[in-house]
2 protein chains.
Amino acid sequence: MSPSEREDVIVKEAVRFFAEFGFEGHTRELARRLDITQPLLYRYFATKDALVERVYQEVFLRRWNPFWDEVIGDRSKPLRERMVAFYQDYAKAILTYEWIRLFMFSGLKGLDFNTRYLELLRRRVFNTLVDELRLEFGAPGTAEKPPTDIEVEAVWSLHAAIFYLGVRKFIYNMPVGPLEPIIEMKVLSFVDGVGVVVRDATTTAG
Amino acid sequence: MSPSEREDVIVKEAVRFFAEFGFEGHTRELARRLDITQPLLYRYFATKDALVERVYQEVFLRRWNPFWDEVIGDRSKPLRERMVAFYQDYAKAILTYEWIRLFMFSGLKGLDFNTRYLELLRRRVFNTLVDELRLEFGAPGTAEKPPTDIEVEAVWSLHAAIFYLGVRKFIYNMPVGPLEPIIEMKVLSFVDGVGVVVRDATTTAG
DNA sequence: CTCTTTATTTATCGTATGATCATTATTTGC
DNA sequence: GCAAATAATGATCATACGATAAATAAAGAG
């Protein structure tokens, strides 16, 4: 097998493997799954940590869609429609066995990837969402009044509700119904309920 | 030190220890923290797994309040007030470093504890919540029409929003603001938004 | 066909883990 | 005080881990 081909095969299997067992998964067992010997892994990756690093990149950096904030901010469509569309797409990207479990393993191990990813999420998605919700409920934009903690916290509620579908399915191993109608329901009832938060945050001291 | 005293000390430290490192944490390191030798652990617990089992019981079984469903169902008070009170109390019980992290480690390792715990939660809390929300929005009780999947899914949204506060704080290591006002906001905006779900579920085929 | 290169394996090192056993230190009953 | 019981330790076993180095198999160039 050619080096680049072999490397691809190793990384792909490693993603699945570390998602299943966490980063403590043994290189011998990974090699067994690949039908290769364990030392061969060390020809392609200097250390186990180097392979783990590569797995991060493969799973997290590749699945971020840079146009998500544009989808949310496209005011030619109703906000509810945009938000449903975004979260359907976002769910497709992250509600997978590999993404959810690796993200959680990473957090538990104290790696800084979660923090960095969530900073990106907040900057590109949460801020846009707050801005659009402000407009929806007749409140001033975030350029005039920056997002308040409680508004960001409200957006976290929706985000958590959707992320947790993956936790229940891929971490707790519970049955979860079809995602599309569930996500639509979660987004719509969120928007229905969040109005008072936005209005409070933009009228009282904040 | 007396046996029961020593055992308590070991279990208490083991809770913290396994919450930090997961169940792969080494017995030698645990012993070092306890200022005892590693073989002494094996005088009190036959195997490492036996100690892990004990840690589960200590953290999960001891913190469940059997009166929670009564708090939620006490119709002498407004529903919003009851739900806020319940989730403030529930948050105090589970939004701790040990509870959140051990629960997640347990799920990732494929132990069945999560499933069993969440069955208890669904039976005692979610069903009661759906029943009370039905009453709030003028829909028939669950005795007449059992909770639908989409209603339970709606309740999961609120539950996830609150649980995820602990994930952000204790797993992602992110700063999270004061819990009381945040939880109040999450409960109130949830109730504001969930009406349409309950009405849909009880009027259309369901 | 041969030589060079390199993908892959076999054998192994140093270390660390869960667990055991014999021994020592400490407490308890009388 | 003294002896029995037991809490606690020191030394160690069997195994398994990540990693390394030498040997082998396979492929490609000329």
Side-chain angles (χ1 to χ4, degrees), chain A residues 1-59 98 101-102 105-106 108-113, chain B residues 1-59 98 101-102 105-106 108-113:
Chain A
M1 197 177 287
S2 81
S4 71
E5 207 177 342
R6 173 69 74 194
E7 188 173 317
D8 284 353
V9 171
I10 291 176
V11 170
K12 197 180 171 190
E13 187 64 40
V15 165
R16 184 75 191 185
F17 180 74
F18 288 129
E20 185 171 350
F21 295 104
F23 307 121
E24 320 292 337
H26 305 156
T27 55
R28 278 178 175 80
E29 172 65 15
L30 171 58
R32 202 190 56 76
R33 290 194 178 200
L34 284 159
D35 263 318
I36 60 174
T37 55
Q38 180 242 9
L40 188 58
L41 292 172
Y42 286 85
R43 186 172 177 87
Y44 290 89
F45 298 92
T47 65
K48 185 182 174 182
D49 278 350
L51 176 56
V52 167
E53 277 292 323
R54 177 62 182 278
V55 165
Y56 291 153
Q57 293 172 10
E58 205 67 19
V59 173
E98 288 86 6
R101 291 179 65 97
L102 285 171
F105 273 124
S106 158
L108 285 166
K109 220 190 167 184
L111 305 171
D112 68 336
F113 190 84
Chain B
M1 197 177 288
S2 82
S4 70
E5 206 176 341
R6 173 68 74 191
E7 188 172 316
D8 285 353
V9 171
I10 290 176
V11 170
K12 197 179 170 189
E13 187 65 38
V15 165
R16 184 77 192 182
F17 180 74
F18 288 129
E20 186 172 350
F21 295 103
F23 307 120
E24 319 293 338
H26 304 156
T27 54
R28 278 178 175 79
E29 173 64 17
L30 171 58
R32 203 190 55 77
R33 290 194 178 199
L34 284 159
D35 264 318
I36 61 173
T37 56
Q38 181 243 10
L40 187 58
L41 292 172
Y42 287 83
R43 187 175 177 86
Y44 290 89
F45 299 91
T47 65
K48 186 183 174 183
D49 277 350
L51 175 57
V52 167
E53 276 293 322
R54 178 60 183 280
V55 164
Y56 290 153
Q57 293 173 10
E58 205 66 19
V59 173
E98 289 86 5
R101 290 179 65 96
L102 285 172
F105 273 124
S106 158
L108 285 167
K109 221 188 166 186
L111 306 170
D112 69 335
F113 190 83

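The model shown is predicted, which means the values in this text are computed figures rather than measured ones. What's counted below: heavy atoms across the whole structure, side chains too, no hydrogens, waters or symmetry copies. Lettering of chains follows the sequences in order, A, B, ..., and the numbering in each one begins at 1.
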Restricting to side-chain contact (heavy atoms from CB on, under 4.5 Å), what partner residues turn up for B/Tyr42, sequence neighbours left out?
B/Thr27, B/Gln38, B/Lys48

With a non-hydrogen cut-off below 4.0 angstrom, is B/Arg6 in contact with a base, only sugar-phosphate, or nothing?
sugar-phosphate

Whole-Å distance between D/dC17 C1' and A/Phe21 CZ?
16 Å

Over all atoms of both residues, closest heavy-atom pair of B/Phe18 and B/Phe23:
CD2-CA, 3.9 Å

For B/Asp35 and D/dA8, what is the distance between atoms CG and P respectively, to the nearest whole Å?
13 Å

B/Ile10 CD1 to D/dA8 C1': how many Å, rounded?
11 Å

Can you tell me how far C1' of C/dT6 sits from CD of A/Glu7, to the nearest Å?
15 Å

To the nearest 0.5 Å, atom CD of B/Glu20 lies from atom CZ of B/Arg33 at 4.5 Å

Rounded to whole Å, please give me the gap between CD in A/Glu5 and P in D/dA27.
13 Å

Electrostatic pair A/Glu29-A/Arg32, nearest N-O below 4.0 angstrom
yes

In whole Å, what is the span from the OH atom of A/Tyr44 to the C1' atom of C/dT8?
8 Å

Rounded to whole Å, how long is the line connecting atom CG of B/Leu40 with atom C1' of C/dT20?
14 Å

Which atoms of nucleotides 18-25 of chain D (N or O only) lie under 3.5 Å from a protein N or O atom, and what are those distances?
unit_1 : atom_1 : unit_2  : atom_2 : d
D/dG18 : OP1    : A/Lys48 : NZ     : 2.9
D/dG18 : OP2    : A/Thr27 : N      : 3.0
D/dG18 : OP2    : A/Thr27 : OG1    : 2.8
D/dG18 : N7     : A/Arg28 : NH1    : 2.7
D/dG18 : O6     : A/Arg28 : NH2    : 2.9
D/dA19 : OP2    : A/Tyr42 : OH     : 2.4
D/dA19 : OP2    : A/Lys48 : N      : 3.0
D/dA19 : N7     : A/Gln38 : NE2    : 3.1
D/dA19 : N6     : A/Arg28 : NH2    : 3.4
D/dA19 : N6     : A/Gln38 : OE1    : 3.0

Of the non-hydrogen atoms in A/Leu108 and B/Arg101, which two are nearest, and what is the gap between them?
O-NH2, 2.9 Å

Just how far, in rounded Å, is C1' of C/dT24 from CZ of B/Arg43?
13 Å

Can you tell me how the ring of A/Tyr56 sits relative to the ring of A/Phe113, calling it parallel under 30°, perpendicular over 60° and tilted otherwise?
parallel

